[in-house]
Amino acid sequence: MTPTSDPRNASDPQGSVPTVIRGAVQPASGSPQRTALTIALIVLAGAAVSVLLGVYGSTHPARGYAVSLAGFSSPGAVKAWLATVVVLLAVGQDISAMAMYGVLPKVRPGRWAAQWHVWSGRLAVLVSIPVAVHCLYAFGFEATDRRVLAHSLLGCAVYGIFVAKMLLLTRKGLPRWVIPVMGGVLFTGFVALWFTSAVWYFRTRGFAP
């Protein structure tokens, strides 16, 4: 028997996306004031995480060393390559998100896009944790030059943005633009981090692991 198509999916390109994602991109159902207050409080929570990371990085004495991985010449090489993996996974996040929102021409959104989006995001965060630990433990918050200062600020901000996005995903009835904007800001932060660390490392030290 030929399966019939779900009429909901015909009008909703996100019909096969899990509720945890679709719920965050439905049109706002509450009052605009309450929705704005919810968004503001969540953004403030993310900002608080960023500040706490910055305070910890400033007060924690820099150790100057961190655990390396077999096959790599230095912890710096580990950090550069792991950061590159994170950016590639973040690109996958953007592609799957665009598929879910139906903005990719000739690409039909489906469950594959949601699964790809969820798992690429989980892997990106998992891979980024050793990089963050290396930065905070080995160096802390530094401002020896403009690149290092920008990298320190971005590192703290990215995890605050991530926390804010995860909290926003738990809220239903938000305006459709909220999650895409937060996702775009998070992606931009990861790319900026990569340029101020991995790209600089590859230009000065080369691509050898």
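Numbers here simply count residues along the sequence, with the first being 1.
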Give the intermediate values and the outcome of side-chain contact (heavy atoms from CB on, under 4.5 Å) for residues V78 and H134. CA-CA 10 Å; V78 175; H134 175 91; over 6 Å; no
Can you tell me how far the CG atom of L186 sits from the CD1 atom of I179, to the nearest 0.5 Å? 11.0 Å
What closest approach, in Å, do S96 and A113 show between heavy atoms, and which atom pair accounts for it? CB-O, 3.5 Å
Classify the ring geometry of F162 against Y159: parallel below 30°, tilted from 30° to 60°, perpendicular beyond 60°. perpendicular
Might you point out which heavy atoms bring A80 and Y201 nearest each other, and give the distance in Å? CB-CD2, 3.7 Å
Are L88 and V199 linked, directly or through other ILVMFWY residues, by side chains that come within less than 4.5 angstrom of each other? no
Tell me who clusters with L41, hydrophobic residues only, linked when side chains sit under 4.5 Å apart either directly or through other members. L37
Mind checking whether V181 and V158 sit in one hydrophobic cluster, side chains of I, L, V, M, F, W, Y counted as touching below 4.5 Å? yes
Given side-chain contact (heavy atoms from CB on, under 4.5 Å), test F202 with T84 step by step and report yes or no. CA-CA 11 Å; F202 292 142; T84 302; 3.4 Å; yes
State the CG-CG distance between L193 and L154, to the nearest 0.5 angstrom. 5.0 Å
To the nearest 0.5 Å, what is the distance between CG (L82) and CG (L126)? 10.0 Å
Under a 4.5 Å cut-off applied to non-hydrogen side-chain atoms, are L169 and M166 in contact? yes
Between H151, R146, R147, which is the residue that forms a side chain to side chain donor-acceptor pair (under 3.5 Å) with T196? H151
List the atom of I39, the atom of P175, and the distance in Å for their closest heavy-atom pair. CD1-CD, 4.3 Å
Apply ring pair (Phe, Tyr, Trp, His ring centres under 6.0 Å) to W194 and list each qualifying residue two or more places apart in sequence or on a separate chain. none
Before giving the answer on side-chain contact (heavy atoms from CB on, under 4.5 Å), spell out for L136 and F141 the whole-Å C-alpha distance, their side-chain angles and the decisive distance to 0.1 Å. CA-CA 7 Å; L136 285 173; F141 190 100; over 6 Å; no
Single-linkage hydrophobic cluster, 4.5 Å side-chain cutoff, W200 and V148 together: no
Evaluate S120 against Q93 for side chain to side chain donor-acceptor pair (under 3.5 Å), listing each step before the verdict. CA-CA 6 Å; S120 61; Q93 277 259 293; 3.3 Å; yes
From CZ (F190) to CD1 (I161), nearest 0.5 Å: 9.0 Å
Using the ring of W119 (Phe, Tyr or Trp, six-membered ring only), decide whether R122 places NZ or CZ under 6.0 Å from its centre and within 45 degrees of its axis. yes
Closest heavy-atom contact between A164 and V43? CB-CA, 4.5 Å
Would L149 and V51 show up in the same hydrophobic cluster when neighbours are defined by side-chain heavy atoms closer than 4.5 Å? no
Tell me whether Y56 is reachable from V49 by hopping between hydrophobic residues (I, L, V, M, F, W, Y) whose side-chain heavy atoms are closer than 4.5 Å. yes
If you compare all heavy atoms of G140 against all heavy atoms of S152, which two are closest, and at what distance to 0.1 Å? O-OG, 4.5 Å
d(M100 CE, I95 CD1) to nearest 0.5 Å is 13.5 Å
To the nearest 0.5 Å, what is the distance between CE (M182) and CH2 (W177)? 9.5 Å
For the pair V91 and F187, evaluate side-chain contact (heavy atoms from CB on, under 4.5 Å) and give the outcome as yes or no after the intermediate values. CA-CA 8 Å; V91 171; F187 174 77; 3.9 Å; yes
Can you tell me if S128 uses its side chain to pair, donor with acceptor, with the backbone of V125 under 3.5 Å? yes
